[in-house]
Amino acid sequence: MSAANVQKLCESTREKLKSVIGKMELFLNEHALPQLVAEEDEETLHFYQGFLSDLRHLLVFSEMSYEKLGVALRRATFDEAFAQKALYNVYHFGVNNFFYPKNESYSEDGRYAYTGQDAIRFRKKPVRPARDIIMEITKVYEELRDDLAYYENDYLTEKRMQNQV
């Protein structure tokens, strides 16, 4: 991948992260546990505790990646290795944490990915705002996953091969 392509990928990735960061911040600033938990049962409480925890972690990972990409793009001379590492981290800490949240309040069901239906399935039926935030940012994380697929395995394989030479 050429330095120019890496730089363009950094720019587009940064813009996509900016959009999801804004949406997650707005949601987290407007919604707290008492607003989301309509039923007072323990299972619902645990569901939303995990949901909010996962969303906060995703926000932090996304903000850190956004900043690192900004550093890569602002440098006087573009450091391709630094940028590649930043893109790798977007994939592994941002995209993976979106699609595989620690508390598993939702998951992606690949059977629906090509049907035009929503591929995200919630463990428990969420209130509308909680469902909406995930559905709003899903498309962006899907785009990031497609854009950064190289960083899933090929990037590390290439790095290992370079170290063996």
Q | Partner of M24 by side chain to side chain contact (heavy atoms under 4.5 Å, CB included), out of V60, I134, L55, N29 | A | L55
Q) Distance from Q7 atom CD to L9 atom CG, nearest 0.5 Å? A) 11.0 Å
Q.
Using side-chain heavy atoms (C-beta onward) and a distance below 4.5 Å, is F78 in contact with L73?
A. yes
Q) With the 4.5 Å side-chain cut-off for hydrophobic clustering, are V20 and L28 part of the same group? A) yes
Q: Among F93, Y106, F61, find the one that has a side chain to side chain contact (heavy atoms under 4.5 Å, CB included) with F98.
A: Y106
Q.
Could you go through H57 and S53, starting from their C-alpha distance and side-chain angles, then the distance that decides it, and tell me whether this counts as side chain to side chain contact (heavy atoms under 4.5 Å, CB included)?
A. CA-CA 6 Å; H57 281 99; S53 176; 3.5 Å; yes
(Q) Is any side-chain heavy atom of L33 closer than 4.5 Å to one of L45? (A) yes
Q: Could you grab the distance from atom CG of D147 to atom NZ of K16, nearest 0.5 Å is fine?
A: 3.5 Å
**Q.** Note, S19 side chain near E15 side chain (heavy atom, < 4.5 Å)
**A.** no
(Q) Can you confirm whether R75 sits close enough to V71 that some side-chain heavy atom of one is under 4.5 Å from a side-chain heavy atom of the other? (A) yes
**Q.** CE-CG distance between M64 and L17, expressed to the nearest 0.5 angstrom
**A.** 12.0 Å
(Q) Would you say L52 ends up clustered with I21 if hydrophobic residues are merged whenever their side chains have heavy atoms under 4.5 Å apart, either directly or through other cluster members? (A) yes
Q. Ignoring hydrogens and geometry, is there a side-chain-to-backbone donor-acceptor pair from E25 to G22 under 3.5 Å?
A. no
Q) Is the count of non-hydrogen atoms from other residues, nucleotides or ligands lying under 6.0 Å from E104 atom CD greater than 12? A) no
Q. Say you draw a straight line from CG of D54 to CG of N103; how long is it, rounded to the nearest 0.5 Å?
A. 4.0 Å
Q: Would you name the heavy atoms of V6 and E80 that are closest together and state the gap between them?
A: CG2-OE2, 3.7 Å
**Q.** F27 vs D132 side-chain heavy atoms within contact, under 4.5 Å
**A.** no
Q) Among the clusters formed by ILVMFWY side chains lying less than 4.5 Å apart, do Y151 and F82 turn up in the same one? A) no
(Q) Taking atom CD as the centre, does E30 end up with more than 12 heavy-atom neighbours from other residues, nucleotides or ligands that are less than 6.0 angstrom away? (A) yes
Q) Mind checking whether F47 and F122 have parallel, tilted or perpendicular rings, split at 30° and 60°? A) perpendicular
Q: Nearest 0.5 Å please: distance from the CZ atom of R74 over to the CG atom of L69.
A: 10.0 Å
(Q) Within the 4.5 Å heavy-atom criterion, are P101 and F51 side-chain neighbours or not? (A) no
**Q.** Derivation and outcome, side chain to side chain contact (heavy atoms under 4.5 Å, CB included), residues Y91 and L144
**A.** CA-CA 8 Å; Y91 187 89; L144 287 170; over 6 Å; no
Q) Among side-chain atoms of Y141 and S62, is any donor-acceptor pair under 3.5 angstrom? A) yes
Q.
Are E43 and K124 packed together at the side-chain level, in the sense that at least one heavy-atom pair is separated by less than 4.5 angstrom?
A. yes
Q: Kindly indicate whether the side chain of I137, heavy atoms from C-beta on, has any atom under 4.5 Å from the side chain of L58.
A: yes
Q) NE2 of H92 to OG of S65: how many Å apart, nearest 0.5 Å? A) 11.5 Å
Q: For K68, look at atom NZ and say whether over 12 heavy atoms of other residues, nucleotides or ligands are found less than 6.0 Å away.
A: no
Q.
Does H31, at its NE2 atom, have more than 12 non-hydrogen atoms belonging to other residues, nucleotides or ligands within less than 6.0 Å?
A. yes
Q. Counting heavy atoms not belonging to K18, are there more than 12 under 6.0 Å from its NZ?
A. no
Q: Specify the closest pair of heavy atoms between Y48 and K125, including all atoms of both residues, with the distance to one decimal.
A: OH-O, 4.0 Å
